[in-house]
Amino acid sequence: MPSKSSARLAALTVAAACSAASTIVLTTPAHADSVRVHDVQGSTRTSPYAGKQVTDVAGIVTGIRTHGSSRGFWIQDPNPDADPATSEGVFVFTSSTPKGVAVGDSVTVSGTVAEYVPGGTASGNQSLTEITKPVFTVLSSGNELPATTKVDARSVPATYAPPGDTTANGSVNALALKPSKYALDHYEALEGMTVRVSDTRVVGATDPYTELWVTVKPHENRNRHGGTVYGSYDAQNTGRLQIQSLGATADFPKANVGDTLTGTTAGPLDYNQFGGYTLVASELGTLKTGDLKRETTRKQRGGELSVATYNVENLDPTDATFAAHASAIVNNLKSPDIVSLEEIQDNNGATNDGTVAADQTLTKLIDAIVAAGGPKYDWRSIDPVDSADGGEPGGNIRQAFLFNPKRVSFTDRAGGDATTATDVTEIRGKAHLTLSPGRIAPADEAWKNSRKPLAGEFAFRGRTVFVIANHFNSKGGDQGLTSQYQPPSRSSETQRHQQATLVNAFVKDVLDTQKNADVVTLGDINDFEFSRTARLLEGRGELWSAIKSLPRNERYSYVYQGNSQVLDQILISPSIRRDCDFEYDSVHINAEFNDQISDHDPQVLRFRP
């Protein structure tokens with residue numbers, strides 16, 4: 001390590017190569033004497049020196065990253081310019097663990113300026129300005145660190161992002177930063193600088209990758225648990241900020257939504273593939289619990305039918321979560337009469353050997369429910385064609401019905417399989433399914449590499465109830481909220497729109513056959529209650545998403561990047577909605593907790609057929 005001598009001029013050299021797919025290659029050298037950190041960063045998202053060589057860029061080392069694929073250190077100029085749009089910090093990418101440099105060293109760095117896109121250019125992510133292939137010289141050690149910049153409700157604008165430059169296909173890269181007007185511009189103008197937040201509430205629980213989300217705007221779309229609700233495409237919640245740690249992962253707090261990081265959390269502001277702008281903390285606040293408790297719904301009354309949807313996240317017989325899922329169904333959901341399960345895997349899980357049956361998975365769950373004091377459920381499902389329904393390779397996820405035969409009966413009509421479509425027929429003026437259980441239009445391109453809806457006909461107190469279990473196409477491939485393209489592209493919606501249109505058409509067939517039929521369409525819709533997917537599924541009144549019966553700040557089943565949002569829904573036909581004789585409950589037992597057994601919260605509907 002260097003000594004703390006201000007006269008030290010020993011040169012320490014580290015060379016590193018960036019991935020060709022992530023950087024802009026060297027073209028021409030830049031003039032050395034005039035280049036400072038804020039010159040390298042410039043007043044737009046990409047550096048005016050990108051692809052050029054710079055010499056003797058001066059700064060104080062403020063942080064060192066010794067793990068992961070992006071190793072190096074941050075420097076910050078202690079003598080900032082007067083332009084709020086130009087950052088005074090920059091990351092120096094060394095590839096391997098940096099040696100011979102310490103926090104507090106005054107250094108000069110020479111190298112190539114590059115724009116690194118976390119996740120690759122196809123991700124649509126913004127780029128991170130770096131100095132690559134560096135040669136650095138330590139001038140002195142033990143220097144006072146530059147002052148940290150406070151990030152709080154006053155400093156972060158309410159508007160999330162500028163509209164994209166239409167001449168650049170929506171990219172905001174070339175636009176001049178307006179950090180007092182747009183939140184993304186504000187964060188970009190601080191890229192690489194040491195920032196701090198104080199007494200921030202957790203809005204995204206600690207995940208296995210040791211990161212969490214906080215809000216610097218405590219009143220922004222807050223729900224009663226302390227989360228931040230995502231209620232429209234135009235309200236992205238600008239106060240959210242991801243927190244990671246430069247220290248040992250064992251020291252990272254295990255936080256739930258509603259907890260608080262008290263005191264100061266500070267470190268360089270980075271940008272990464274999973275969440276965008278991230279405070280990489282060299283100083284972590286102290287975790288104060290919000291004492292979040294898992295919710296419990298009420299028990300259905302004698303004349304009420306209780307129907308639930310629950311994504312059990314790739315459940316297979318090798319998992320250790322059966323008892324926990326059983327307890328959730330029995331104790332938190334109060335043993336619904338019908339449970340639509342999503343992500344039930346086959347009997348050997350991710351082993352990719354052609355197995356498609358899931359009877360062992362379902363039997364193990366049913367036995368665990370009995371052991372937890374619940375009813376002896378029966379089940380119905382249809383095995384998919386091997387590797388045809390997406391999800392984890394080899395897992396063959398599918399939907400399945402559990403039902404309590406002491407409360408509700410299933411109407412079996414034979415012939416349903418992976419490739420044969422069920423239809424609607426009329427018998428004595430009433431609608432019936434031709435196959436029960438059966439799949440809806442399984443050969444349609446809308447379901448390519450995606451789960452096919454499972455339709456079943458149930459009877460409760462002499463009344464037929466049609467239940468359609470869904471797991472629509474995931475959001476994989478969509479651009480993130482912090483994308484360089486604004487508004488970000490949501491390419492996955494195309495398939496969900498097709499899926500929603502098909503399911504609505506099927507429900508319309510039922511209602512055209514029997515106007516007062518009770519239809520419940522539910523599952524992991526993988527889209528928001530305000531989305532076009534939901535509107536297409538609802539159609540012209542054939543269905544209505546019952547989560548909209550809840551107050552806006554209670555509509556969520558999933559937490560992603562600090563946004564509490566709706567993915568799981570239960571939609572009801574007019575006969576159920578008409579008399580308002582129903583209750584809806586989003587039972588928050590998973591999404592807000594760091595020790596979740598699934599990343600989804602189950603939903604429960606109670607009504608009187």
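Only heavy atoms go into these numbers, but all of them, side chains included; no hydrogens, no water, no symmetry mates. Here the structure is a predicted model, which means the values were calculated and not measured. The residues of the chain are indexed from 1 along the displayed sequence.
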Ring centres under 6.0 Å, that's the criterion: do [X] and [Y] meet it?
X: Phe401; Y: Phe458; result: yes
X: Phe530; Y: Phe528; result: yes
X: His325; Y: Tyr310; result: yes

Ion pair check, [X] and [Y], cut-off under 4.0 Å:
X: Lys475; Y: Asp527; value: yes
X: Lys364; Y: Asp359; value: no
X: Asp383; Y: Arg398; value: yes
X: Arg532; Y: Glu538; value: no
X: Asp518; Y: Arg463; value: yes
X: Asp367; Y: Lys376; value: yes
X: Glu304; Y: Lys299; value: no
X: Arg294; Y: Asp595; value: yes

**Asked** For the residue pair Ile525 and Leu537, what are the closest heavy atoms and their distance?
**Response** CD1-CD2, 4.0 Å

Anything under 3.5 Å between a donor and an acceptor, one on a side chain of residues 314-324, the other on a protein residue two or more places apart or in another chain? List them.
{"residue": "Asn314", "atom": "OD1", "partner": "Gln345", "partner atom": "NE2", "Å": "3.0"}
{"residue": "Asp316", "atom": "OD1", "partner": "Thr318", "partner atom": "N", "Å": "2.7"}
{"residue": "Asp316", "atom": "OD1", "partner": "Thr318", "partner atom": "OG1", "Å": "2.5"}
{"residue": "Asp319", "atom": "OD2", "partner": "Asp316", "partner atom": "N", "Å": "3.0"}

**Request:** Mark yes when over 12 heavy atoms from residues, nucleotides or ligands other than Arg552 sit less than 6.0 Å from its CZ; otherwise mark no.
**Result:** no

**Complete:** Residues passing the ring pair (Phe, Tyr, Trp, His ring centres under 6.0 Å) test with Phe274, sequence neighbours excluded, are none

**Prompt:** Say you draw a straight line from OH of Tyr560 to CZ of Arg240; how long is it, rounded to the nearest 0.5 Å?
**Reply:** 10.0 Å

Any side-chain donor-acceptor pair under 3.5 Å between [X] and [Y]?
X: Thr297; Y: Arg606; answer: yes
X: Ser564; Y: Tyr558; answer: no
X: Asn504; Y: Glu542; answer: yes
X: Thr351; Y: Asp353; answer: no

**Message:** Do Gln569 and Glu529 make a side-chain contact, defined as non-hydrogen atoms from C-beta onward lying under 4.5 Å apart?
**Reply:** yes

**Prompt:** Under 3.5 Å, is there a donor-acceptor pair between the side chain of Asn473 and the main chain of Gln495?
**Reply:** no

